[in-house]
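Dropping the structure in here first, questions after.
Nothing here was measured: the structure is a model prediction, and the numbers come from that model. Proteins get letters first, then strands, A, B, ... in listed order; numbering begins at 1 in each.
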Number of protein chains: 2
Amino acid sequence: MTRDTVLTERQIEVLKLKAQGLSTSEIAKRLGTTVANVSATEKKARENIRRAKNTLRLVKMLEAPLSVVIPPETDLNDAVREIYRRADEAGIWISHSFPSLAALIQQGAGEKIRGRRVLEEIEVAITREGEVMVM
Amino acid sequence: MTRDTVLTERQIEVLKLKAQGLSTSEIAKRLGTTVANVSATEKKARENIRRAKNTLRLVKMLEAPLSVVIPPETDLNDAVREIYRRADEAGIWISHSFPSLAALIQQGAGEKIRGRRVLEEIEVAITREGEVMVM
DNA sequence: ATCGTATTAAATTAAAACATTTAAGACATG
DNA sequence: CATGTCTTAAATGTTTTAATTTAATACGAT
């Protein structure tokens, strides 16, 4: 059978009942199986969802026509300016304001940025639609 | 081996080379296999990507306690008002101002909205946290 | 301490997906 | 019509994944 998601019927069923507020043991009773089984199935389902998210992220990066590398020691403001400049050069209109783009990069870079200073090299992908992603 | 996407190494490799503009036969040469193989692998990869998308859509729907359907021909302002009304009805506080919600919907709906008019039916999911998503 | 609830690891069996080859056919170009 | 490029279906051997059971652990409430 060809599924149209990366989840199995069983996994979807468990997620549905969880979303409705049922406890793991209630779900186990209803599905006629053990609590351990439900717990394991839900864990697998969440793992699959995580992988689905990572997949779409990867695809966006692959499709990104523009990649901007921010070297260490760069100031965050300069990084944002550089991203605007390179996008402009490529004819892409970035769909974020300066401050929200700065926040997005700061959040996406995690440990690679402290305060306003870039510590490790950051690669930023820019899609055709002007969406910005930190890789 | 635990992958962190729903794509295999092989599928990612093919997508990468395709994104770089290589033809199917060029990729086949580079990977030391047949054109048919590359073609089939790419097809499988795209199928997996489609399923990843459907998965996230399903999860959002499962998590959303409220779903609002906006019929065609609706004015964007009326759509936003309807969303506020339904959320209020469900005791959910929407964490967007009127204009930013309108912008969010317009952006999320893509081709389904032209100007301020809804062309195709739009389904909007509202999370417990008042986040609004166009599906 | 004993429930009730939940998570986790390990092992097992069955089902599904993967990459590949072969063969067939579509389609545009020379 | 021959050629290059690509897609598709079918068959196959291999690898992965799913669901389940059992057993162990954790933890708050009674």
Query raised in the report: Given atom CD of B:Glu26 and atom C1' of D:dC6, what is their separation to the nearest angstrom?
Result: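 Rounding to the nearest Å, CD of B:Glu26 and C1' of D:dC6 are 13 Å apart.
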Requested in this report: Could you check how far CG of B:Asp4 sits from P of D:dT17, rounded to whole Å?
Outcome: 12 Å
Query - Euclidean distance, atom CG of residue A:Leu15 to atom P of D:dA18 [Å, nearest integer] - result: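 After rounding, the gap between these two atoms is 13 Å.
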Query - Side chain of A:Asn48 (C-beta onward), nearest among D:dT21, D:dA18, C:dC18 - result: D:dA18
Report summary line: Rounded to whole Å, CD of A:Glu9 lies from C1' of D:dT20 at a distance of 18 Å
Report task. Nearest 0.5 Å please: distance from the CD atom of A:Gln11 over to the CZ atom of A:Arg3. Result ->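 A:Gln11 atom CD to A:Arg3 atom CZ measures 7.5 Å (nearest 0.5 Å).
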Query raised in the report: Distance check: side-chain N/O of A:Arg51 vs OP1/OP2 of D:dT17, anything under 4.0 Å?
Result: yes
Query raised in the report: Is there a side-chain polar atom (N or O) of A:Thr33 under 4.0 Å from OP1 or OP2 of D:dT21?
Result: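 Answer is yes, contact under 4.0 Å.
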Requested in this report: Can you see which heavy atom on B:Phe98 is nearest to which on B:Tyr84, and at what distance?
Outcome: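 Distance-wise, the nearest heavy atoms are N-OH, 3.1 Å.
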Query raised in the report: Just by distance, do the side chain of B:Thr55 and the backbone of A:Val6 share a donor-acceptor pair under 3.5 Å?
Result: yes
Query raised in the report: Is any side-chain N of the basic residue among B:Arg50 and B:Glu47 closer than 4.0 Å to the acidic one's carboxylate O?
Result: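 B:Glu47 and B:Arg50: salt-bridged.
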Query raised in the report: Where along nucleotides 25-30 of chain C does protein come under 4.0 Å, by heavy atom, of base (B) or sugar-phosphate alone (S), with - for untouched nucleotides?
Result: ------
Report summary line: Separation of D:dT16 atom P from A:Arg3 atom CZ, nearest Å, is 17 Å
Query raised in the report: Is A:Val38 isolated, or which residues cluster with it under the ILVMFWY side-chain rule of less than 4.5 Å, directly or via members?
Result: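 A:Val14, A:Leu17, A:Leu22, A:Ile27, A:Leu31, all in the cluster of A:Val38.
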Query - Whole-Å gap separating C1' (C:dA19) and CG (B:Leu31) - result: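 Going from CG in B:Leu31 over to C1' in C:dA19 covers 12 Å.
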Requested in this report: In whole angstrom, give the distance that lies between atom CD of A:Gln11 and atom C1' of D:dT20.
Outcome: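 It is 13 Å, rounded to the nearest whole Å.
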Query - Nearest listed nucleotide, side chain of B:Thr24, among D:dT21, D:dA19, D:dC6 - result: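 The answer is D:dC6.
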Query raised in the report: Got a second to check how far A:Arg116's CZ is from A:Gln106's CD, nearest 0.5 Å?
Result: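 Going from CZ on A:Arg116 over to CD on A:Gln106, the span is 6.0 Å.
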Report task. Look at A:Arg46 together with A:Glu42 and state whether they make a salt bridge at an N to O cut-off of under 4.0 Å. Result -> yes
Requested in this report: Counting heavy atoms from C-beta on, name the nucleotide in C:dA6, C:dA17, D:dT17 closest to the side chain of B:Lys44.
Outcome: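 In terms of side-chain proximity for B:Lys44, the closest of C:dA6, C:dA17, D:dT17 is C:dA17.
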Query raised in the report: Just checking A:Thr34: base, sugar-phosphate only, or nothing, at a heavy-atom cut-off of under 4.0 Å?
Result: base
Requested in this report: For B:Arg50 and C:dA17, give me the distance from atom CZ to atom C1', rounded to whole Å.
Outcome: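 Distance check: B:Arg50 CZ to C:dA17 C1' gives 15 Å.
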Requested in this report: Can you tell me which residue pairs pass the salt bridge (Lys or Arg N to Asp or Glu O under 4.0 Å) test with a partner in residues 77-87 of chain A, sequence neighbours excluded?
Outcome: A:Asp78-A:Arg81, A:Glu82-A:Arg85, A:Arg85-A:Glu89, A:Arg86-A:Glu89
Enumerate, atom names and distances included, each donor-acceptor pair closer than 3.5 Å involving a side-chain atom of residues 58-72 of chain A, sequence neighbours excluded.
| residue | atom | partner | partner atom | Å |
| --- | --- | --- | --- | --- |
| A:Lys60 | NZ | A:Glu131 | OE1 | 3.3 |
| A:Lys60 | NZ | A:Glu131 | OE2 | 3.1 |
| A:Ser67 | OG | A:Glu123 | OE2 | 2.8 |

Query raised in the report: Going by side-chain heavy atoms closer than 4.5 Å, which hydrophobic residues are tied to A:Leu119, directly or by a chain of links?
Result: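 Listed partners: none, A:Leu119 stands alone.
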Report task. Using a 4.0 Å cut-off on protein heavy atoms (strictly under), produce a 5'-to-3' string for nucleotides 8-15 of chain D with B for base contact, S for backbone-only sugar-phosphate contact, and - for none. Result -> BS------
Query raised in the report: Does a nitrogen or oxygen in the side chain of B:Ser25 sit under 4.0 Å from OP1 or OP2 of D:dG4?
Result: no
